[in-house]
Amino acid sequence: MKDRLQELQSEALEKVKQSEDLKALQDVRVAYLGKKGPITEVLRGMGKLSKEERPVIGQLANDVRESIANAIQTKQDKLEEKAMEKQLEEESIDVTLPGRPVHVGGPHLLTSIIEEIEDLFIGMGFEIKEGPEVETDYYNFEALNLPKGHPARDMQDSFYITEELLLRTHTSPVQARTMKQKDGHEAVRMICPGKVYRRDTDDATHSHQFTQVEGLVVDENIKMSDLKGVLNAFAKQMFGSERDIRLRPSFFPFTEPSVEMDISCKMCGGEGCSVCKGTGWIEILGAGMVHPNVLEMAGYDPEIYSGFAFGMGPERIAMLKYGVDDIRHFYTNDIRFLKQYHKA
Amino acid sequence: MLVSLNWLKQYVDIENQSPEELAELITKTGIEVESIEPIAEQLHDVVVGHVLSCEQHPNADKLNLCQVDVGGETLQIICGAPNIAAGQKVAVAKPGAVLPGNFKIKKAKLRGVESNGMICSLQELGVDEKDIPKEFVDGIFVFQDEVEVGVNAIELLNLDDMIIELGLTPNRADCLSMLGVAYEVAAILDQPFTPQEEIIHPVQEKASDFISVHVEDPDLNPYYGAFIVKDVKIGPSPLWMRNRLIAAGVRPINNVVDITNYVLLEYGQPLHAFDLDRFETDEVVVRRAKEDETITTLDDQKRNLKPDHLVITNGKQPTAIAGVMGGADSEVHEGTSNILLEAAYFQPGAVRTASKDHGLRSEASTRFEKGVDPNRVVRAGVKACELLEQYANGKVLEGVVEFDQLDREPKKVDVTSSHINERLGTTISDEEIADILRRLQFGYEQKGELFTVTVPTRRGDVELFEDMLEEVARIYGYDNLPYTLPGGASQAGGLTLQQQLKRKVKNYLQGAGLDETITYSLTNAERAGQLVSREVKEQAAAPISLAMPMSEEHSHLRLSILPELLASLSYNVARKQTDLAYYELGTVFISEEEQVTVQPKEQLRLSGALTGNWLLHPWQQEKKAVDFFVVKGLVEGMAYLLDLKLTFKQSKLPDMHPGRTADVYLGGKVIGFIGQVHPKLQNDLDLKDTYVFELNAEELFDHYQKEEAFQAIPKYPSISRDIALVVEEQSAAGEIAETILQAGAPLVKDVRIFDVYQGEHLEEGKKSIAFNLFYMDPNRTLKDKEVEDAHEKILTAVKEKHQAELRG
Ligand SMILES: [Zn+2]
């Protein structure tokens, strides 16, 4: 019996070894370990054995069974792994094919710039104020020291609707309205972004509609050096910390003194090049100390209060920062233009 | 204003600065220099030559063979100019010279005859044709003055000059004169400058014997001075004067005209010379023009006058539009010998009105419009007389006949150093302020820190403390101001709720794949009234039109953003960009009045327009054109984000697809619409199916309630039940869902439609809609019985309201 068991063992192990797939292996399992299998049969004949031999043979039979079962399990694991490998192999894909597109929309470049400016000034404690685009002559001109017949009104020929109503030519009326609102005694620290309109024929550098961001600070003891400090902080954050600013005299009816602010040219580092027309400087914005007439008309006593104001054009900033060469691009909404600046 | 540095040098020492350095200093302290350019290309080897002989070229009809003395040698030169003649002094480019355009002068043979140089025209030397005296435009230049043979012609013709162009702001009219520029540059460089005195030698006769002056409207003409200069000889003006005129961009004409132009450039005071013999009367009357009066001006234009226009008359008819242009009848001409010279102060507004009405902007009107220096009017007249004596053989008559009510008193401004420092944030000393005033040549009296400044009348722009502040600051140097930040109570900056929501909605739409646009608010009459939402149409009387539009295309203010948005789509489609999803958040302008008198209501609206493919992924065969439900989904997503409940009701709107349009309601009010653009309009714009939304953003933002409290995540499971209902095909699924929600309240929390079916196994004209219902109680597990009861109630309700049958 002992021999028979050992014979069965080697026979079964050989068959396991030869099994090529899970089905064949299952057949081996049934053939050798099943209830009708030869090992069971051998065990059934154990009754004929002596008391001493019985446990020995019993133990041997179990060992044989176990060794066959282990071999089957090992082989099965191997075959299963192979089968999975095969399946995964078959499932492989061309990873270089394009993915399913996700729509990525984006802000208009002018919005990006305006929001960037807003965030910079919010950081310095400014509010964002808005106002009507159809303005009264009073707020657009008179409250800003531009009485009727003032020659500077020529500088910004306007779209009138009636004699008293027009499309605002700058966002400054929002400043006048804000000061009025604050009633001549509260401090003001605000910027006002928005659309403005002028009678210009649309070409590469002119647009009858464009945007502006203006700012105003009014309080007791506001100094011109404050204007310089705030604009310097703005310019460095907006254009890069390596850029310098300079102020030079200019003229606006609503400020006195009036200045224009230049930043050092990035292209040449101040040496002079075609971008800065050889001067090393690029004009960025207009500013000045609020004219006493403007303060007075808004109800602020110019003996106690002083302030500064500034104004800039997001189109111009975009043109400088991103090299946009034609102002009409901003209003044509060519998708190829819009998409270029999603990452701006 | 074009400033010749060679001219400026005659007043102020600028030798220590290069033109670029000078330009930079002027820009930083005063006036923006827009350009610095040499008047012509740098030339050499061009000298004065004396044409000794001039004969016809043996082999060419139109060429002349000249022997020219160029100082020390005689050159044989062939010249084709029609105005060449023996005896002339001309500009000769010798072999080795290089003329503008890299034109190298070499010895050459022309038709077999040697030519050793070139006799030049002013164009060939680089002078702009528009500045060249007419007699030399079509030929060579001929010196009319005594000049030495062989000397450098470049210097003589001022072709080594540098010109800086000043971009003058309206306040700096003082620099519309060379004297003003000289004062400015002298202050900047801290150099002395004193203008020369005018000196004349009048004859015995009195001007007042020949002319009288009457001014009817002293407000418009506070000063009128008439000089009489007799026996002038019209001829060319001296070379130096012509050089300066050319440098300033003014074409030399003849000595009399050139002298008035020269004085205008030097003093900033326009003058006018009448031919006294053609003036017809012996009186000057300055008055407002009469209605229907006319004048023929120097440019031979007949012009209609109005009482707004101030005119100079001879007591009968107008002889000049004051400060703008003279009349043709009394113009100085070749044969003029006696001159009536006008030096006047005209009120800026009067000149501005006339020059605007007649479209005449001249060097003269520009200066009068900005206000001339009252203390320079007479002096300029005297200066012109001096030049007429010297260069036109004129005899100046004794005295100036004048009407004079002109205020010449300089303004006084009080400033203190502490006030200046307070406003600038500086620590400028009294001494420094005094020094700045000295440089500016402003008079002052000082008492401690108080300066009482006497502002010269040439600086009409300086009236207030703030103006003086600017004068001190700019000479002190803006570069020297410190950098500080505003003090005072700090304020928390930030965005208002509406501003935050604007950004939130924009970010949402961009995340969903839409690109933001900015279109024009001004559109044409047709588009202004197109694709307007129902509630806007009800409020607006009509689109607002401009009083004087520049073009029909931009003549009306929009009532809807969509027309311009669709135009943008159309623009892109024409450029083969076919899959587009655009949105814009912007203002529309609503006036309740047909004829606008008050500010219109400006409403923030949110519009979107989508066309082409919404999804395109070809290799996996995924492709979906944009449709109604894409757009509705976008709007619903936004409503979810803002926690708003929007409802959609089938609607018919002009220019929209009648079966695929819905009004959008919020809280029972229409706030906009969504749907497909009418195929006819789509065709007109060459667009494929295009879907849009147009919403009142203010309503959306106003109804937004920020979710402050945390809502617990439900602990108890919801129970889901499906029902399929058979209804008439025109029934609105949304309304049935609404009925289910109401009938199932409070247990039914959500209803979703998961199938809509029509066709086989269903009666004709019917459709089946399958709903997925979610029952839930946040505080306990629901019992089957409760759900059953609710379900029954729902079935009863939909049957009653929508004749819906449970699908068997
Ligand atoms: Zn540069």
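Each chain gets a letter, A, B and so on, in the order the sequences are listed, and its residues count up from 1.
With a 4.5 Å cut-off on non-hydrogen atoms, A/D262 does not touch chain B at all. A/T211 does not touch chain B: none of its heavy atoms, backbone or side chain, sits under 4.5 Å away. No part of B/S35 comes within reach of chain A, as not one of its non-hydrogen atoms sits under 4.5 angstrom from that chain. Of the two parts of A/E163, neither the backbone nor the side chain holds a non-hydrogen atom closer than 4.5 Å to a non-hydrogen atom of chain B. Heavy atoms of A/D202 lying under 4.5 Å from chain B belong exclusively to its side chain. If you measure heavy-atom distances from B/P549 to chain A, the contacts under 4.5 Å come from the backbone alone. Contact of A/I128 with chain B is made through backbone and side chain together, with heavy-atom distances under 4.5 Å.
The minimum heavy-atom distance linking B/D515 with A/V104 is given by the pair OD1-O, 4.3 Å. Residues A/I122 and B/G493 approach most closely at CG2-C, 3.8 Å, considering heavy atoms. Smallest separation of non-hydrogen atoms from A/T201 and B/M550: OG1-CE, 3.4 Å. Contact record, A/T332 with B/Y571: CG2-CZ, 3.2 Å, taken as the closest heavy-atom pair. Across A/K228 and B/P482, no two heavy atoms sit closer than the pair CD-O, 3.9 Å.
A salt bridge links B/E24 and A/R246; the closest N-O separation between the charged side-chain nitrogens and carboxylate oxygens is under 4.0 Å.
Contact tally against chain A (heavy-atom pairs below 4.5 Å) for B/T27, B/T169, B/I518: the top residue is B/I518. Interface remark: of the candidates A/V230, A/V102, A/D219, A/V230 forms the most heavy-atom pairs closer than 4.5 Å to chain B.
B/E32 places a side-chain heavy atom less than 4.5 Å from the side chain of A/E283. At least one side-chain heavy atom of A/K195 sits under 4.5 Å from a side-chain heavy atom of B/S521. Inter-residue side-chain proximity for B/M548 and A/F159 is flagged as unmet; no heavy-atom pair is nearer than 4.5 Å. Taking the side chain as every heavy atom from C-beta outward, A/H208 and B/H554 approach each other to under 4.5 Å. Between A/F251 and B/I31, the closest side-chain pair of non-hydrogen atoms is not below 4.5 Å. The shortest distance between side-chain heavy atoms of B/E422 and A/K223 does not fall below 4.5 Å.
Separation of atoms CD (B/Q599) and CG (A/L165) is listed at 6.0 Å; rounding is to 0.5 Å. Atom-to-atom distance recorded for A/T162:OG1 and B/E593:CD is 9.5 Å, nearest 0.5 angstrom.
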Evaluate the salt bridge (Lys or Arg N to Asp or Glu O under 4.0 Å) criterion for residues B/R503 and A/E118: first the C-alpha distance (whole Å), next the side-chain angles of each, then the deciding distance (0.1 Å), finally the verdict.
CA-CA 12 Å; B/R503 289 196 184 187; A/E118 284 177 354; 2.6 Å; yes

ask   = Would A/E256 and B/L469 count as a side chain to side chain contact (heavy atoms under 4.5 Å, CB included) if you check the C-alpha gap in whole Å, the side-chain angles of each, and the deciding distance to 0.1 Å?
value = CA-CA 8 Å; A/E256 185 70 38; B/L469 188 66; over 6 Å; no

* To do: Quick one: do A/R248 and B/R474 satisfy side chain to side chain contact (heavy atoms under 4.5 Å, CB included)? Show the steps, please.
  => CA-CA 8 Å; A/R248 54 185 169 77; B/R474 69 188 186 91; over 6 Å; no

Yes or no on side chain to side chain contact (heavy atoms under 4.5 Å, CB included) for A/L167 and B/L557, after CA distance, side-chain angles and deciding distance? CA-CA 10 Å; A/L167 296 185; B/L557 282 165; 3.9 Å; yes

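For A/H206, there are no ring-ring contact (aromatic ring centres under 6.0 Å, His included) partners, not counting sequence neighbours. In this structure, the ring-ring contact (aromatic ring centres under 6.0 Å, His included) partners of A/F121, at least two apart in sequence or on a different chain, are A/F126, A/F234, A/F310.
Judged purely by distance below 3.5 Å, without hydrogens or angles, the side chains of A/E130 and B/Q498 never pair a donor atom with an acceptor atom. Defined by atom type and a distance below 3.5 Å, a donor-acceptor pair is missing between the side-chain atoms of B/T519 and A/Y331.
Within a 6.0 Å radius of CD in A/E303, other residues, nucleotides and ligands contribute 12 heavy atoms or fewer.
At least one donor-acceptor pair closer than 3.5 Å links the side chain of B/T484 to the backbone N or O of A/S225. In this structure, the side chain of B/W619 engages the main chain of A/P98 through a donor-acceptor pair within 3.5 Å.
Using bins of under 30°, 30° to 60° and over 60° for the plane-to-plane angle, the ring pair B/W614/A/H103 lands in the parallel bin.
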